[in-house]
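Have a look at the structure below before the remarks.
So you know, we letter chains A, B, ... as the sequences are listed, proteins then strands, and number each from 1. All figures in this text were calculated on a predicted structure; none of them were measured in a lab.
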Protein chains: 2
Amino acid sequence: MFQQNLSLTVDAVVFGYDAKDGLSVLLIKRLLAPFKGHWALPGGFLLAGESLEKAVERELEEETGIKVNYLEQLYTFGKPDRDPRKHVVTVAYYGLVRRNLFELYAATDAEDAQWFNIKELPPLAFDHNDIFKMALERLRGKIAYQPIGFELLDEEFPLPDLHRLYETLYGKKIDRRNFSKKILQLDILEDLNKFQPHAGRGRPSKLYKFNRAKYFALKAEGMVFEV
Amino acid sequence: MFQQNLSLTVDAVVFGYDAKDGLSVLLIKRLLAPFKGHWALPGGFLLAGESLEKAVERELEEETGIKVNYLEQLYTFGKPDRDPRKHVVTVAYYGLVRRNLFELYAATDAEDAQWFNIKELPPLAFDHNDIFKMALERLRGKIAYQPIGFELLDEEFPLPDLHRLYETLYGKKIDRRNFSKKILQLDILEDLNKFQPHAGRGRPSKLYKFNRAKYFALKAEGMVFEV
DNA sequence: CCAAAAGTGTTGGTAGTACACCCATGA
DNA sequence: TCATGGGTGTACTACCAACACTTTTGG
């Protein structure tokens, strides 16, 4: 039924964050050729009648056991030679996940599944290094004007964690006090009147929660999220 | 070969601008089913071994005779039911063109090709209205921090034209004087020391040209384009 | 000579940046 | 009791928004 001799896949760049380890990406070790034994982004063929998002979620579930809590289309890569076998077009997504919610496991096409710090990525299969780079760029840009950073943190998080996340992504120091002020005056965080337990030295930090409903209400009134 | 019972197409939302008519989109009237006789975005099937951009440019050339001077991937639409026949995934692009450079003609799958003002679009085939909406959104957003507006104007243009373009896209009045200041102090426009001939009433406006090389040089030094 | 459109300059408010002090905990 | 990290407040500055006057053309 197909006049075209080409295939369509989906791939996902899944980011996870940890206050200590920083920003990481989820990779799988390929069980099949081509690039057997190489690290790659999780992904696979789109099934007929299946939506793109469904395909991404299915492949992630199958290969790594992870469910992302934010997923957004990144870009479609279609260079004819990006797969050595034939012309394979891939629709890439990037996702955000709370790392500590899941225990990774490897299955189906994956021999292994692991988190890699974004500073220490191995060489990836196909053009996956390019895809990763673009995803990081997109995340870096998007986090400045969309409240998606919260999707990487625990439901209840201390401000310093958010601060560190932004410093990591922007790759530069941000004044702690100005950052606080900016975020808090947006009035989209709920003060939980609780404290981070036993976080090591220093004064314990207060815990906050992102108030999604309030964010959308304020946004509708013209409030602009900008960090 | 192909285990998947689905197809891959490309579609293009091509914008044109005219100081009098405002912002327009290029549409074709479909010669074939489905949606025969309906207006639609130009586009068609990707050929195996062909890059996505090439496919867009080929289809545009074939169906309308136009060559865009800016082309950027927009989004990939893959809902299984977006085409009544079968599952067709389409990679949508949006393009910018200097309208007066081309004489439209219709060919191959198109019975007709015409510019439509964005305020007066007919109902479109498939999910093309959604695609158009997203393209307009993207253009509106992108023009604020990327110097792509110039791609819609003549090579040599007066500032008021650029001003009107921004007003059209943002859908609101922008102070003429502040706009001038902002653009000129970026120092990326070359003053041609020429004037717009016989433009009707009033003082003739000076002509400028976008200095692409200077833009990239300044950008490398940290200059930020923002309108 | 009047109206319309374009060029240029000044001011005040505000938001962002730089910066300092105090507080609560673990060792 | 000291070091470490977290909470909060103030002053300066630079940029943006609001606004007025002059210049050049066509009718």
| said: Below 30° counts as parallel, above 60° as perpendicular, anything between as tilted: where do the rings of B/Y215 and B/F210 land? | reply: tilted

| task | May I ask you to say whether B/E190 pairs ionically with B/K214, meaning some side-chain N is under 4.0 Å from a carboxylate O? | result | no

| How close or far is atom C1' of D/dT8 from atom OH of A/Y208, stated in whole angstroms? | 11 Å

| base_contact_polar (D/dG5 base, A/R176 side chain, donor-acceptor, <3.5 Å) | no

| field | Rounded interatomic separation in angstrom, taking CZ from A/F179 and C1' from C/dA18 | value | 17 Å

| said: Distance check needed: C/dT14 P versus A/K182 NZ, whole Å only. | reply: 18 Å

| Using 4.0 Å as the upper bound for N to carboxylate O, is an ion pair formed by A/R30 and A/E111? | no

| query | Side chain of A/K181, base of D/dT10: donor and acceptor closer than 3.5 Å? | reply | yes

| task | Specify the residue among B/R177 and A/R164 whose closest nucleotide of DNA chain D lies further upstream toward the 5′ end. | result | A/R164

| query | Tell me: CD of B/Q196 to C1' of C/dA6, nearest whole Å? | reply | 12 Å

| query | What's the CZ-P distance between B/F157 and C/dA6, to the nearest Å? | reply | 14 Å

| said: Which nucleotide wins on minimum distance to the side chain of B/K206, given the candidates C/dG7, D/dT25, D/dG6? | reply: C/dG7

| Taking the side chain of B/R203 as heavy atoms from C-beta outward, which of D/dG27, C/dG7, D/dA3 is closest to it? | C/dG7

| What nucleotide, of C/dC21, C/dT17, C/dT8, holds the atom closest to the side chain of A/N178? | C/dT17

| query | Could you give the CG-to-P distance, from A/L184 to D/dG6, as a whole number of Å? | reply | 14 Å

| remark: note: A/K173, atom NZ; D/dG5, atom P; distance rounded to Å ~ 11 Å

| said: I'd like to know whether the aromatic ring centres of A/Y75 and A/F77 sit less than 6.0 Å apart in this structure. | reply: yes

| request: Check the distance between D/dA14's C1' and B/E226's CD and give it to me in whole angstrom. | output: 15 Å

| request: Measure from the side-chain heavy atoms of A/D175 and tell me the nearest of C/dT17, C/dC19, C/dG7. | output: C/dC19

| said: With a 6.0 Å cut-off on the ring centroids, do A/F157 and A/F150 count as close? | reply: yes

| note | The answer to which of B/P158 and B/G202 contacts DNA chain C further toward the 5' end, by nearest nucleotide, is B/G202

